[in-house]
Amino acid sequence: MPATVATSDLDVDVVVIGAGPAGETAAGRCADAGLAVAIVERELVGGECSYWGCIPSKTLIRPGDIVAAARRAPGAAEAVTGNVDAAAAFAQRDYMTNNWNDAGQLGWLDDKGIVFVRGTARLAGERVVEVETAEGGKQRLTARRAVVLATGTTPLMPPIDGLADVRPWNNRTITAAKQVPRRLLVLGGGAVGTEMTQACRRLGSEEVTIVDGAPRLLSREEPFVGEEVRAAFEAEGIRVHTGVRANAVRREGDGPVVATLSDGRQLTADEILVAVGRRPATTRVGLETVGLTPGEHVQVDARMRATGVPGDWLYAIGDCNGRALLTHMGKYHGRVVGDVIAGRDVGAGATDVVPRVTFTDPQVCAVGMTEADAVAAGLQIRCVTYGTGNVAGAYVQGNGITGTSKLVVDTQRRVVIGATFTGPGIQELLHSATVAIVGRVDLADLWHAVPSFPTVSEVWLRLLEAYGL
Ligand SMILES: Cc1cc2nc3c(=O)[nH]c(=O)nc-3n(C[C@H](O)[C@H](O)[C@H](O)COP(=O)(O)OP(=O)(O)OC[C@H]3O[C@@H](n4cnc5c(N)ncnc54)[C@H](O)[C@@H]3O)c2cc1C
């Protein structure tokens with residue numbers, strides 16, 4: 001079903017700029033509350049997540065994960081007689097992204113009664129949004145109540161000598177690729193870099209090298225995370241270089257890319273993927289017309305109101321406010337902002353407890369503070385760890401399952417403030433930790449939350465026992 005498309009100037013209650021997961025959620029929540037909503041999108045409704053982020057990357061990761069899981073389980077292992085079928089995996093990715101077509105999402109907007117404008121929007125002062133439409137026209141949208149910025153981010157290209165000239169890949173190139181390069185060099189050992197490194201190796205890249213300037217991969221997480229992921233990568237033939245940076249890159253014509261690292265080493269690859277971070281897409285959205293600085297994250301308070309803008313009419317949600325570059329957090333911001341604009345009570349406002357899963361094998365699942373975060377915050381803490389592979393729920397999944405589980409406990413309040421789990425296929429374990437942290441569940445009460453046998457969740461019990469309960 002096509003969306004209701006605005007073709008002339010419009011007055012509505014709420015204008016949302018950007019129809020990624022954050023903007024769509026905010027628009028839907030406002031519409032559900034009976035408000036008149038218009039949403040502007042310059043590319044595809046669904047945003048980075050649906051077409052060049054979460055969905056295609058997880059789709060490409062999944063086949064390799066299943067094959068690896070089967071290889072760990074005798075009986076299934078014998079049935080694995082070949083490698084991942086990359087062509088089929090790419091075809092599934094095409095299906096999951098709807099071949100980069102947002103017709104399905106437009107139907108959702110229409111069902112919600114949200115007016116859709118395809119074009120590039122910018123603020124033009126208080127409550128006014130000007131749109132250059134996809135057809136080349138101009139439209140002026142006026143918001144009676146609020147404007148919500150949900151413009152997301154774009155890939156950050158670091159100032160490496162020669163980088164711009166070697167046709168570097170970014171998240172869009174790799175998630176939309178038709179095949180994997182034979183030799184791939186990845187710059188950046190964060191979530192995107194590590195996930196795509198392993199995905200490409202498992203989809204058939206013969207040589208994959210990942211480089212990160214930090215001492216470890218996934219360096220913002222607990223130190224054991226980077227060590228375990230590195231060991232798993234090296235066991236799969238992936239080369240890992242940490243504590244070094246690429247200083248210069250060159251490509252002669254259609255030849256390979258040659259990167260020179262800060263320690264003088266040279267690496268050669270057919271393609272180079274740059275995954276070193278994101279910059280806010282706030283450069284050309286008219287921030288200067290409301291007293292904010294273009295190109296920076298839009299700072300917000302716990303109700304997602306842009307700080308420094310009088311009148312309570314401008315909000316910023318999702319990646320563009322820089323609080324947590326994750327779809328589920330952007331959608332949460334969208335729900336918060338929808339309720340705030342509709343005049344509903346949102347309690348204390350948005351929480352900063354951020355659950356995060358890196359879909360490598362081993363998976364890395366973390367929420368709340370790491371030990372280092374808690375120490376830096378001056379909290380009195382005690383940490384406990386236990387082997388994720390040492391519970392029956394892990395044994396029954398197959399052989400050789402390892403990993404680490406760790407809780408950071410605030411000893412004064414006797415509540416968990418951080419949790420990290422590594423191991424294969426454990427992403428569903430994370431929400432239990434999120435509930436414990438957000439709900440500030442007393443440790444003594446947690447002890448009565450009995451995990452089922454045989455599940456990996458039994459690791460909770462072992463962690464509490466390690467704490468002395
Ligand atoms: C490879 C990769 C994998 C990822 N995997 C995960 C994952 O597994 N889980 C997870 O939680 N997160 C993941 N992320 C992060 C996730 O994609 C983002 O956090 C999420 O897309 C942010 O949503 P958003 O709505 O804030 O912004 P976006 O999704 O970036 O959407 C912003 C939208 O605004 C539009 N826009 C921008 N400026 C204008 C303008 N002036 N006028 C009109 N429209 C405009 C853009 O075209 C875009 O569609 C991944 C990211 C990448 C790159």
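If you read the sequence from its start, that first residue is 1, and numbering goes on from there. Order of listing sets the numbers, starting from 1, for every ligand and every atom in it.
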Just to confirm my output: which protein heavy-atom neighbour is closest to [atom], and how far is it?
atom                    : answer
atom 37 (C) of ligand 1 : T151 O, 3.3 Å
atom 31 (O) of ligand 1 : G20 CA, 3.4 Å
atom 51 (C) of ligand 1 : G53 CA, 4.0 Å
atom 29 (O) of ligand 1 : E48 N, 3.0 Å
atom 20 (C) of ligand 1 : T327 OG1, 3.4 Å
atom 27 (O) of ligand 1 : G152 CA, 3.3 Å
atom 6 (C) of ligand 1  : C54 SG, 3.3 Å
atom 35 (C) of ligand 1 : E41 OE1, 3.2 Å

Practice task
Could you pull out, from D319, N170, V354, the option with a heavy atom nearest to atom 18 (C) of ligand 1?
Solution key: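 Shortest heavy-atom distance from atom 18 (C) of ligand 1: D319.
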
Practice task
Test E236 against R201 for salt bridge (Lys or Arg N to Asp or Glu O under 4.0 Å), laying out the working first.
Solution key: CA-CA 8 Å; E236 293 184 20; R201 176 71 178 141; 5.9 Å; no

Of all the atoms in ligand 1, which lie at a distance below 4.0 Å from a heavy atom belonging to [X]?
X    : result
G318 : 26 (O)
G47  : 29 (O), 31 (O), 49 (O)
R42  : 36 (N), 37 (C), 38 (N), 39 (C), 43 (C), 44 (N), 45 (C), 47 (O)
I17  : 40 (C), 42 (N)
A121 : 40 (C), 41 (N), 42 (N), 43 (C)
H328 : 11 (O)
V40  : 43 (C), 44 (N)

Exercise for the section: Say whether T404 and E228, considering side chains only, have a donor N or O and an acceptor N or O under 3.5 Å apart. Expected result: yes

Exercise for the section: Go through the side-chain N and O atoms of N171 and E48 and say whether any donor and acceptor fall under 3.5 Å apart. Expected result: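 Distance-only check passes for N171 and E48.
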
For the atom pair [atom1] ([X]) and [atom2] ([Y]), what is the distance rounded to the nearest 0.5 Å?
X    : Y    : atom1 : atom2 : value
D361 : I61  : CG    : CD1   : 10.0 Å
T388 : I401 : OG1   : CD1   : 10.0 Å
N321 : H333 : CG    : NE2   : 5.0 Å

Is there a side-chain contact between [X] and [Y] (heavy atoms, below 4.5 Å)?
X    : Y    : answer
F233 : T360 : yes
T175 : Y51  : no
L123 : V129 : yes
P223 : R216 : yes
K138 : E132 : yes
E222 : E371 : yes
R93  : S57  : no

Exercise for the section: Before accepting this row, confirm whether a basic side-chain N of the pair R172/E43 lies closer than 4.0 Å to the acidic partner's carboxylate O. Expected result: yes

Any nitrogen or oxygen of [X], main chain or side chain, under 3.5 Å from a nitrogen or oxygen of ligand 1?
X    : result
F359 : no
L326 : yes
W52  : no
A22  : yes
K58  : yes
R284 : no
T120 : no
T175 : no

Exercise for the section: Assess whether salt bridge (Lys or Arg N to Asp or Glu O under 4.0 Å) is satisfied between D165 and R251, documenting all intermediate values. Expected result: CA-CA 8 Å; D165 303 325; R251 189 202 286 271; over 6 Å; no

For ligand 1, is [X] a contact, meaning one of its heavy atoms is under 4.0 Å away?
X    : result
A150 : yes
G119 : yes
P21  : yes
S57  : yes

Exercise for the section: Show your working on salt bridge (Lys or Arg N to Asp or Glu O under 4.0 Å) between D373 and R220 and close with a plain yes or no. Expected result: CA-CA 9 Å; D373 294 336; R220 290 191 195 154; over 6 Å; no

Proximity of [X] to ligand 1 by residue part, where a heavy atom lies under 4.0 Å:
X    : answer
N171 : side chain
M329 : neither
L325 : backbone
V45  : neither
V192 : side chain

Handout entry: Qualifying residue for side chain to side chain contact (heavy atoms under 4.5 Å, CB included) with V16, from V147, V148, V40, I114
Key = V148

Exercise for the section: Return each pair, listed once, that meets side-chain hydrogen bond (donor to acceptor under 3.5 Å, both in side chains) where at least one residue sits in residues 306-315; pairs must be two or more places apart or across chains. Expected result: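 Qualifying pairs, neighbours excluded: none.
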
Exercise for the section: Kindly determine whether E195 and K58 satisfy salt bridge (Lys or Arg N to Asp or Glu O under 4.0 Å), including the steps that lead there. Expected result: CA-CA 9 Å; E195 286 181 356; K58 265 79 262 181; 2.7 Å; yes

